[in-house]
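The next block holds one structure in the form of structure tokens; read it before the comments.
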Amino acid sequence: MKFSQYFLPTLKEVPSDAVIPSHILMVRAGMIRQLTAGVYSYLPLGLRVFKKIEKIVREEMDAIGGSEFYLPALSPNELWAETGRLEDYGDDIFRIKNRELVLAPTHEEVFTSIAKPNLISYKNLPQIWYQIQTKFRNEPRPRGGVLRGRQFTMKDAYSFDATWEGLDESYNKNAQAYRNIFTRCGLKFFTVTAFSGAMGGSESEEFMVEAEAGEDTVVISSDNKYSSNLEVAVSFSENIGRKNSGLEIEEFHTPNIKSIEELAGFLKITDKSRLAKSRLFVIPAKSEGKKDEYLLALVCGDDEFSETKLAKIFAGIRPGHPEELFDIAGAEAGSIGPVNLKNKTVKIIADLKLKDADELISGACKNDYHIKNIDLKRDVVGIEYFDIRTVKDGEETVDRSSKLRMTKAIEVGHIFKLGTRYAEALGAKYLDVNGKDNVIIMGSYGIGIERIAAAYIEQNHDKDGIIWSGEISPFDIHLISVNKKSDNIKAEAEKIYNELITAGYEVLFDDRDDISPGVKFKDADLIGVPVQVVVSDKNMKNGEIEIKERRTGDRYRIQISDFNQKIKEIIGNINKN
RNA sequence: CGGGGUGUGGCUCAGCCCGGUUAGAGCGCCUGGUUCGGGACCAGGAGGCCGGAGGUUCGAAUCCUCUCACCCCGACCA
């Protein structure tokens, strides 16, 4: 590709609305331009990269027996209402104003609607179906350039199986395909379990790329054996134990003390573990006529609640509203505790660290008062214990073999075992060997195409620009002709260009006239093609061509006669790493 | 949705507080010339309804009201 004919608008300055490296560089390198919030135009260079990623995805999906589809983005409201997701998605789904249609954010329903009349016998199963298609999500706040957009390209795949063992197999195949895809894309990635075991059979894994710009917080053990989303992460945590001094509970005045910090300050103590932090939650009634249930949860004062863990134990749980608190506890937030609750039906649970602990201090359920010497074993009948705390940076793994660290990550892929939810709702059934009806068992597997590119750039850039390598690089070679208006350098470069093309390389040839060499070099570093080849008067005089590796900055002067051999070696080495 | 911020040539921004020539700079662009290995130089030139609407005023980029868009932090989501 000749630069002079290609539309590749590079920018010298940082665009004012970009903040994270990948966004800045994708705009500066002429890959994308923003049209409106969360919506981007893909320019030729960007499209080239995205298509390379799609090619890898296709090859790996095909390799596990996937069949490629292309489904509509428009779909009828009705279909979404059938699975209840029209409501579930709420404002996050784009709706068409003058038709009863939505712009699909994902395709479980549509794929299942095709499966239903066609996958009707166990003989039709299993199937892995996929597509690479534009998705629409009305993100309340798009951010990070192409990392979180309102319109983006997703590879979504769905598996259909007759048995749960079959689902495991399909799931594992997809997981392997994902590992292959991300490896080929040059990403350093890891997986985290997105659901804890509490959900039973339903497994789910996220494929993560560590990056400062990531939106997820994850914990990884230093030996890389354990990784998890912070929300559900577990660590070794020691029970704070009993003191067994047998002291009676005692109320004391704590004027205007609301937080654990304030309480610790008031009591002039630094160890907050025995200051039990209480929070009231509401578990909404599951059916008409039933009442909402209330839950008081306790963690150590130096810990935080994991609402995700709570939600996994108590479906539908939500924090109590300030107005509700007084009714239930008899006090406002900051003075609530497990003893003397106004409403006696409140269920009380505590974190495992507090199991059977005594001499605790907590709210007295009376504004501006706390109680000390609380003994959970003695004073709180029927208390139950669960893991409901959030892991902290630097803690040990459960088996104490390694330390945990916290980091930010970008989710580039997510796979999960759906089970029968969609097939059930839409009535997708098959007949088994015995002629009996069964609901099809599904899995769902997604990959964000643009996110892969953005994640790659987050991991591979320097102050000068992007550093591509391997299969997703837009070109193999960036050929630069350092030519004056009236010399034969450009003709020499053109000759080399044609030879490289013939040899099968994808070459970006900066053939622009009247552009000073510095501009060409800066553009080349910004665009980041792994190998730069410089043809100039200076080198040609000695019968040499220069090769520069983008990542290392290493330069080699090569005799023209050795050039073909040498370039092959260098490219080979780069792709190996 | 809550909080904060920004809209001024293609890009990055100054000017706004404290209203008053013809609205500026750098980069980019066009013409001519000189340059030619890390974002060159000289000379000349084009390009703006100062986001939009209303208001205050003799006079508004500047003050007031409303509105739209975009960005950031949070909430939400995957």
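Below, read A as the first sequence line, B as the second, and so on, with proteins coming before strands; counting in each chain starts at 1.
Atom name C1', nucleotides B/rC58 and B/rA53: the rounded distance is 23 Å, in whole Å. Look at the C1' atom in both B/rG15 and B/rC72: the space between them is 24 Å, to the nearest Å. B/rG48 and B/rA25: their C1' atoms are spaced 15 Å apart (whole Å). Taking atom C1' in both B/rA43 and B/rG39, one finds a spacing of 22 Å when rounded to whole Å. Taking atom P on both B/rG33 and B/rC50, the two are 38 Å apart, rounded to the nearest angstrom. On the P atoms, B/rG47 is 25 Å away from B/rG7, given to the nearest whole Å. As rounded to the nearest Å, B/rC64 and B/rU57 have C1' atoms that lie 12 Å from one another. As rounded to the nearest Å, B/rC30 and B/rC16 have C1' atoms that lie 33 Å from one another.
Side-chain rings of A/W129 and A/F69 approach one another, their centers coming within less than 6.0 Å. The six-membered or imidazole ring of A/F3 lies away from that of A/F509, with a centre-to-centre distance of 6.0 Å or more. Centroid-to-centroid, the aromatic rings of A/Y130 and A/Y445 stay 6.0 Å apart or farther. Checked against a 6.0 Å centroid threshold, the rings of A/Y456 and A/H461 do not count as neighbours.
Residue contacts shown for A/K548 include a base, since a base heavy atom lies under 4.0 Å away. Contact annotation for A/D523: base contact, defined as any heavy-atom pair under 4.0 Å involving a base atom. Note on A/R150: nothing from the nucleic acid sits closer than 4.0 angstrom, heavy atoms only. Counting non-hydrogen atoms under 4.0 angstrom, A/R33 reaches nothing in the nucleic acid.
Note: A/F136 and A/F94 have perpendicular aromatic rings, judged against thresholds of 30 and 60 degrees for the angle between ring planes. By the 30° and 60° cut-offs, the orientation of the rings of A/Y178 relative to A/F207 is tilted.
Atoms NZ and CD1, on A/K155 and A/I56 in that order, are 14.0 Å from each other to the nearest 0.5 Å.
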Across nucleotides 71-78 of chain B, 5' to 3', mark each nucleotide with B, S or - according to how protein heavy atoms within less than 4.0 Å reach it. SBBBBBBB
Quick one: what's the B/S/- string for nucleotides 24-32 of chain B, heavy-atom cutoff under 4.0 Å, read 5' to 3'? --BS-----
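Pairing for B/rG44 goes to B/rC30, judged as Watson-Crick or G-U wobble with the two contacts each under 3.5 Å. Using N1 to N3 plus N6-O4 or O6-N4 for Watson-Crick, or N1-O2 and O6-N3 for G-U wobble, each under 3.5 Å, B/rU12 pairs with B/rA25. The nucleotide B/rG54 finds its pairing partner in B/rC64, both defining distances of the Watson-Crick or G-U wobble pair being shorter than 3.5 Å. When both pairing distances are held under 3.5 Å, B/rC49 makes no Watson-Crick or G-U pair with any nucleotide shown. Searching all strands for a Watson-Crick or G-U wobble partner of B/rG74 with both distances below 3.5 Å returns B/rC1. Base pairing analysis places B/rG39 opposite nothing; no Watson-Crick or G-U wobble pair with both distances below 3.5 Å involves it.
The NZ-C1' distance, from A/K538 to B/rG38, rounds to 10 Å in whole Å. For the pair A/M540 CE and B/rC36 P, the computed distance is 19 Å after rounding to whole Å. If you measure from atom CD of A/E546 to atom C1' of B/rG38, you get 11 Å, rounded to the nearest angstrom.
Cation-pi contact between A/K2 and A/Y497: absent, since separation from the ring centre below 6.0 Å together with deviation from the ring axis within 45° is not met.
Enclosure of atom CG in A/D91 is not indicated, since only 12 or fewer non-hydrogen atoms of other residues, nucleotides or ligands lie within 6.0 angstrom. More than 12 heavy atoms of other residues, nucleotides or ligands lie within 6.0 Å of CD in A/E499, so this atom counts as buried by the packing criterion.
The minimum heavy-atom distance between A/D161 and A/S170, with the atom names listed, is OD2-OG, 2.6 Å.
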